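These values consider heavy atoms only, across backbone and side chains, with no hydrogens, waters or symmetry-generated copies. In this chain, residues are counted from 1 in sequence order. In this text the structure is predicted, and so the values were computed from the model without any measurement.
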Amino acid sequence: MAHPVVHWEIGGHNLEVLEDFYAKAFGWAIREGGSGYRLADPADGGLGGGLMRAGKQMPPYVTVYVQVDDLQAELKAISDLGGTPLVPPTQIDERMSFALFRDPEGNIMGLLRTDEDIRPV
């Protein structure tokens, strides 16, 4: 697959409740991932992801992220196909950046560009 799904994110207003719920429901190992963010480590060949504290004006959400080489070029192609860019390319850290878009049916999806291969094995 040329553009694999490489990350997922679940957002809500009470991060501590989300962390406790998913750790107990599925036995996920969850660790600190920065201010207002937790990382759920991949397990048994699964895909790791994140839990995020959503802003007051944001509803709870679930988003998956697709790995791409060029965020700006991908957002242009998505726009040409009827999608709507929502968040422009944004740096996460020195090796990773992301963008968000809405597909023609209203689903919000993420794009992730990274300097290392994070595809599941």
Side-chain angles (χ1 to χ4, degrees):
M1 179 186 299
H3 295 99
V5 172
V6 293
H7 187 73
W8 52 262
E9 190 170 86
I10 301 170
H13 297 118
N14 191 325
L15 181 58
E16 292 73 23
V17 167
L18 287 176
E19 181 177 3
D20 185 60
F21 175 82
Y22 284 104
K24 289 178 179 174
F26 302 118
W28 291 353
I30 299 173
R31 59 187 164 87
E32 181 67 35
S35 179
Y37 204 82
R38 303 290 186 272
L39 291 168
D41 294 330
D44 297 330
L47 185 62
L51 304 174
M52 183 175 162
R53 184 182 323 278
K56 292 186 189 320
Q57 302 302 319
M58 262 177 97
Y61 67 91
V62 175
T63 300
V64 297
Y65 289 79
V66 177
Q67 188 169 354
V68 299
D69 294 327
D70 185 329
L71 293 170
Q72 196 62 51
E74 201 66 40
L75 285 175
K76 167 78 169 86
I78 285 165
S79 182
D80 291 346
L81 292 168
T84 306
L86 297 175
V87 175
T90 303
Q91 201 72 32
I92 296 171
D93 60 25
E94 64 280 347
R95 63 180 181 79
M96 198 175 296
S97 54
F98 79 100
L100 294 175
F101 68 93
R102 185 181 318 273
D103 73 17
E105 287 294 312
N107 299 295
I108 296 177
M109 293 282 294
L111 302 173
L112 189 66
R113 190 220 44 85
T114 181
D115 292 340
E116 59 187 51
D117 190 10
I118 59 172
R119 298 169 198 210
V121 287

> Can you name the closest pair of heavy atoms from A54 and G11 and give their distance?
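So the two residues come closest at CB-C, 4.4 Å.
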> Keeping the roles fixed (side chain from H13, backbone from R53), state whether a donor-acceptor pair exists under 3.5 Å.
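Checked: no pair found.
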> Just one of P85, P88, P89 clears the side-chain contact (heavy atoms from CB on, under 4.5 Å) bar with Q72, so which one?
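Passing option: P89.
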> Going only through I, L, V, M, F, W and Y residues with side-chain contacts under 4.5 Å, is there a path from M58 to I108?
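No; I108 is not reachable from M58 via cluster members.
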> What pair of heavy atoms forms the shortest contact from L47 to H7, and how long is it?
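Between these two residues, the closest heavy atoms are CD2-N, 3.9 Å.
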> Report yes if the side chains of V64 and M109 come closer than 4.5 Å at any heavy-atom pair, otherwise no.
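A side-chain contact under 4.5 Å exists here.
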> Do you know the tightest heavy-atom contact between L18 and M52?
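Taking L18 first and M52 second, the nearest heavy atoms are CD1-O, 4.2 Å.
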> Would V66 and F101 show up in the same hydrophobic cluster when neighbours are defined by side-chain heavy atoms closer than 4.5 Å?
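Yes, V66 and F101 fall within the same hydrophobic cluster.
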> Within the 4.5 Å heavy-atom criterion, are E19 and E32 side-chain neighbours or not?
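The answer is no, as the side chains (C-beta and beyond) never meet within the 4.5 Å cut-off.
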> Is I30 linked to Y37 within one hydrophobic cluster, defined over Ile, Leu, Val, Met, Phe, Trp and Tyr using a side-chain heavy-atom separation of less than 4.5 Å?
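No, no single cluster joins them.
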> Distance check, rounded to the nearest 0.5 Å: L100 atom CG versus L75 atom CG?
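Separation between the atoms: 9.0 Å.
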> Which heavy atom in T84 sits nearest to a heavy atom in I78, and how many Å separate them?
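Closest approach of T84 to I78: N-CG2, 4.4 Å.
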> Quick one: are Q91 and R113 in side-chain contact, heavy atoms under 4.5 Å?
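Counting from C-beta outward, Q91 and R113 do come under 4.5 Å.
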> Enter the distance from L111:CG to T90:OG1 here, rounded to the nearest 0.5 Å.
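Between atom CG of L111 and atom OG1 of T90 there are 11.0 Å.
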> Nearest 0.5 Å, please: how far is CG in D20 from CG in L15?
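Reported to 0.5 Å precision, the distance equals 11.0 Å.
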> Once you measure the plane-to-plane angle for W28 and Y22, does it fall in the parallel (<30°), tilted (30-60°) or perpendicular (>60°) bin?
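The rings of W28 and Y22 lie parallel, inter-plane angle below 30°.
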> So if you build clusters from Ile, Leu, Val, Met, Phe, Trp, Tyr with side-chain heavy-atom gaps below 4.5 Å, do L39 and W8 land together?
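The answer is no; the residues belong to distinct hydrophobic clusters.
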> Identify the heavy atoms of M96 and L112 that sit nearest to each other, and give their distance.
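Between these two residues, the closest heavy atoms are CG-CD1, 3.6 Å.
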> Hey, could you give me the OG1/CD distance between T114 and Q67, rounded to the nearest 0.5 Å?
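T114 OG1 to Q67 CD: 6.5 Å, rounded to 0.5 Å.
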> Do the side chains of V87 and Y65 join up, straight or via other hydrophobic residues, at under 4.5 Å, putting them in one cluster?
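Yes.
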